[in-house]
Protein chains: 2
Amino acid sequence: MRYSEDHKAKTRQRIIDEASHLFRRDGVGATGLQPLMKALGLTHGGFYAHFKSKDELVEIALQHAAEQLKGSAEESLASDAPLPTFIARYLSTAHRASPGAGCPLPTMSAELGQRGQPSALTDQVIRDRLAMIEANLPIEQAAEQSVLMLSAMVGALLLSRSVQDPELSDRLLKTTRQLLIEQSEASSI
Amino acid sequence: MRYSEDHKAKTRQRIIDEASHLFRRDGVGATGLQPLMKALGLTHGGFYAHFKSKDELVEIALQHAAEQLKGSAEESLASDAPLPTFIARYLSTAHRASPGAGCPLPTMSAELGQRGQPSALTDQVIRDRLAMIEANLPIEQAAEQSVLMLSAMVGALLLSRSVQDPELSDRLLKTTRQLLIEQSEASSI
DNA sequence: TGTACATCAGTGAACGCGCGTTCACTGATGTAC
DNA sequence: TGTACATCAGTGAACGCGCGTTCACTGATGTAC
């Protein structure tokens, strides 16, 4: 069948969107190309008209997630209190509930690190976030504090998602959020 | 063939040790039972004389890792400065280099959380570590600080292992270590 | 002391299954005449 | 305006592979007589 001019580009983007979501939600290894294509109403054979391998899609989907999250972070920057807003969003119950739409670091970095050659994109995502936090921490130790804050945010979100007991999950999320916001505000005074 | 009285128990323990190591190093999904048994000089069929399923082994291997780590944490408690020692060990280059012998939280919790039903053992590991940190933080906000510290340690170790650039990896590890040790010492004064 | 038998940890072929990947094919549409 | 042909996104069967799991079997050793 022949389609409109940009049809293929649109299909490609649909694959990237869905993959980016499933990779973050279920993990890369646990996401098959067959179910992925089926979820879009397509058959698996067509996949290779768009990408040369699953690995290529992993890289592109991660990049897509990174750009998406950068946009979302910039929303926080536009607010009155950029850093507290960013922290509150990152450690929100909404973010915890939607790993497929959220930061790829807590969900994908362990698996990507365990693979043969980790992606250079992980470095880039981390650097971007550190720079963003640092730029909004007007204190001497901003470079150091930003590392602690990112580590704590990624760790708290990861643990809060891995736990069975909802009360413990809330405690991990909310306590980290509260302390990090305190630190970010204390330092800007 | 017949073997000595405790031969089977020893084999079982060897399987648990190896699985506990490979699950943490490579991930649960990426570790096949066939390669696991082969690494011990056994054939895969014998596996089911010891465990009723891979899932059962996952649970037992995680428990084994948790106990092992608890023992290692207690070593830190015997030192002059329990908490700084624990933090320095957790965020050491040695720990970063040996995921298979280290804390299961940065390596396994994402994958276990993504599986259908996460293990209750994850809750237990987290509670144990929080209690241990809290008991060595003689300040009012010890309960809150312990959550932040554990989150930051898990996050920093995870990210430091996921990154390509050794310099960035070192920065994540060492900066978090330094700031957390400062916090733990400041609070005990 | 020597022989027959029971034990049972471990063997290895086989099962169905889903994986990533390949490829000959389809068929609706745009273009050429 | 009507017909023949080219295009090419998507189809779906098939590939080899490793997975978790099952099961009839092996064979060295301990026990019974």
Side-chain angles (χ1 to χ4, degrees), chain A residues 1-62 108 111-112 114-117 119, chain B residues 1-62 108 111-112 114-117 119:
Chain A
M1 334 152 206
R2 219 159 190 217
Y3 300 91
S4 61
E5 225 179 276
D6 60 348
H7 180 93
K8 193 180 179 184
K10 278 183 180 168
T11 300
R12 181 187 155 92
Q13 196 53 51
R14 285 206 300 145
I15 297 172
I16 294 170
D17 287 345
E18 185 70 15
S20 165
H21 189 269
L22 293 179
F23 287 163
R24 280 179 279 179
R25 197 190 66 184
D26 302 333
V28 172
T31 301
L33 296 182
Q34 229 140 321
L36 165 66
M37 295 298 278
K38 200 170 187 181
L40 299 170
L42 298 168
T43 50
H44 55 280
F47 176 84
Y48 294 89
H50 296 281
F51 309 96
K52 68 181 229 290
S53 68
K54 185 183 182 182
D55 277 349
E56 188 187 89
L57 176 63
V58 170
E59 196 75 0
I60 293 170
L62 179 56
M108 294 179 69
E111 192 179 4
L112 292 179
Q114 283 159 352
R115 292 185 144 214
Q117 174 75 343
S119 166
Chain B
M1 334 151 208
R2 218 156 189 218
Y3 299 92
S4 62
E5 224 179 277
D6 60 348
H7 180 93
K8 192 179 180 185
K10 277 183 182 169
T11 300
R12 181 186 155 93
Q13 196 53 52
R14 284 206 302 144
I15 297 172
I16 294 170
D17 287 345
E18 185 70 15
S20 165
H21 190 269
L22 293 179
F23 288 163
R24 282 178 278 176
R25 197 190 66 184
D26 302 333
V28 173
T31 301
L33 296 182
Q34 230 140 319
L36 165 66
M37 294 298 278
K38 200 169 188 181
L40 298 170
L42 298 169
T43 51
H44 55 281
F47 176 83
Y48 294 90
H50 296 280
F51 308 96
K52 68 182 229 291
S53 67
K54 186 183 181 181
D55 277 350
E56 189 187 88
L57 176 63
V58 170
E59 197 74 359
I60 293 170
L62 179 56
M108 294 180 67
E111 190 179 5
L112 292 179
Q114 283 159 352
R115 293 185 144 214
Q117 175 75 344
S119 166

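Below, read A as the first sequence line, B as the second, and so on, with proteins coming before strands; counting in each chain starts at 1.
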* Integer-rounded Å distance: C/dA9 C1' and B/Arg14 CZ -> 12 Å
* Asked: Counting only N and O atoms by type, is there a donor-acceptor contact under 3.5 Å from the side chain of B/Lys54 to the main-chain atoms of B/Val28?
  -> yes
* Check every atom of C/dT21, D/dT11, D/dA9 against the side chain of A/Leu33 and return the nucleotide holding the closest atom. => C/dT21
* Check whether any side-chain N or O of B/Tyr48 sits under 4.0 Å from OP1 or OP2 of D/dT21, and answer yes or no. => yes
* Structure fact -> Only residue of B/Val58, B/Leu112, B/Leu62 satisfying side-chain contact (heavy atoms from CB on, under 4.5 Å) with B/Phe23 is B/Val58
* Is the backbone of B/Ser20 close enough, under 3.5 Å, to the side chain of B/Arg24 for a donor and an acceptor to pair up by distance? -> yes
* Asked: Which whole-number value in Å describes the distance from B/Gln34 CD to D/dT22 P?
  -> 14 Å
* Using atom NZ of A/Lys38 as one end and atom P of C/dG18 as the other, report the distance to the nearest whole Å. => 10 Å
* Would a 4.5 Å heavy-atom cut-off, applied to side chains only, mark A/Asp55 and A/Arg115 as touching? -> yes
* Search all heavy atoms of B/Gln114 against all heavy atoms of A/Arg25 and return the closest pair with its distance. => CG-O, 3.3 Å
* Asked: For DNA chain C, which consecutive runs of 3 or more Watson-Crick or G-U pairs (each distance under 3.5 Å) count as stems?
  -> C:2-33 with D:2-33
* Nearest whole angstrom, please: distance from the P of D/dT22 to the CZ of B/Phe47. => 11 Å
* To do: Starting from the 5' end of DNA chain C, give me the residue, A/Val28 or B/Gly45, whose nearest nucleotide shows up first.
  => B/Gly45
* Contact summary for A/Asp26 and A/Thr31, nearest pair of heavy atoms -> CB-OG1, 3.9 Å
* Structure fact -> Which of C/dG10, D/dT11, C/dG20 is nearest the side chain of A/Leu42? It is D/dT11
* **Between D/dG30 (C1') and B/Asp6 (CG): distance, integer Å** => 16 Å
* Taking C-beta and beyond as the side chain, do B/Leu40 and B/Thr11 meet within less than 4.5 Å on heavy atoms? -> no
* Can you tell me the distance, in whole Å, between the CG atom of B/Leu36 and the P atom of D/dT21? => 12 Å
* According to a strict under-4.0 Å criterion, is A/Thr11 in side-chain N/O contact with OP1 or OP2 of D/dG10? -> yes
* Do B/Phe47 and B/Gln34 touch side chain to side chain, with heavy atoms closer than 4.5 Å? -> no
* Asked: Picking from C/dC19, C/dT11, D/dT11, which would you name as closest to the side chain of B/Thr43?
  -> C/dT11
* Asked: Tell me: CE of B/Met37 to P of D/dG18, nearest whole Å?
  -> 18 Å
* Structure fact -> Note: for B/Lys54 and B/Gly46 on DNA chain D, the residue whose nearest nucleotide lies more 5' is B/Lys54
* Structure fact -> Closest of D/dT22, C/dA9, C/dG20 to the B/His44 side chain is D/dT22
* Please check the phosphate of D/dT29 (OP1 and OP2 only) for any side-chain N or O of B/His7 closer than 4.0 Å. => no
* Mind checking B/Gly32 for me? I need base, sugar-phosphate or nothing, with any heavy atom below 4.0 Å counting as a touch. => sugar-phosphate
* To do: For A/Asp26 and C/dG18, give me the distance from atom CG to atom C1', rounded to whole Å.
  => 15 Å
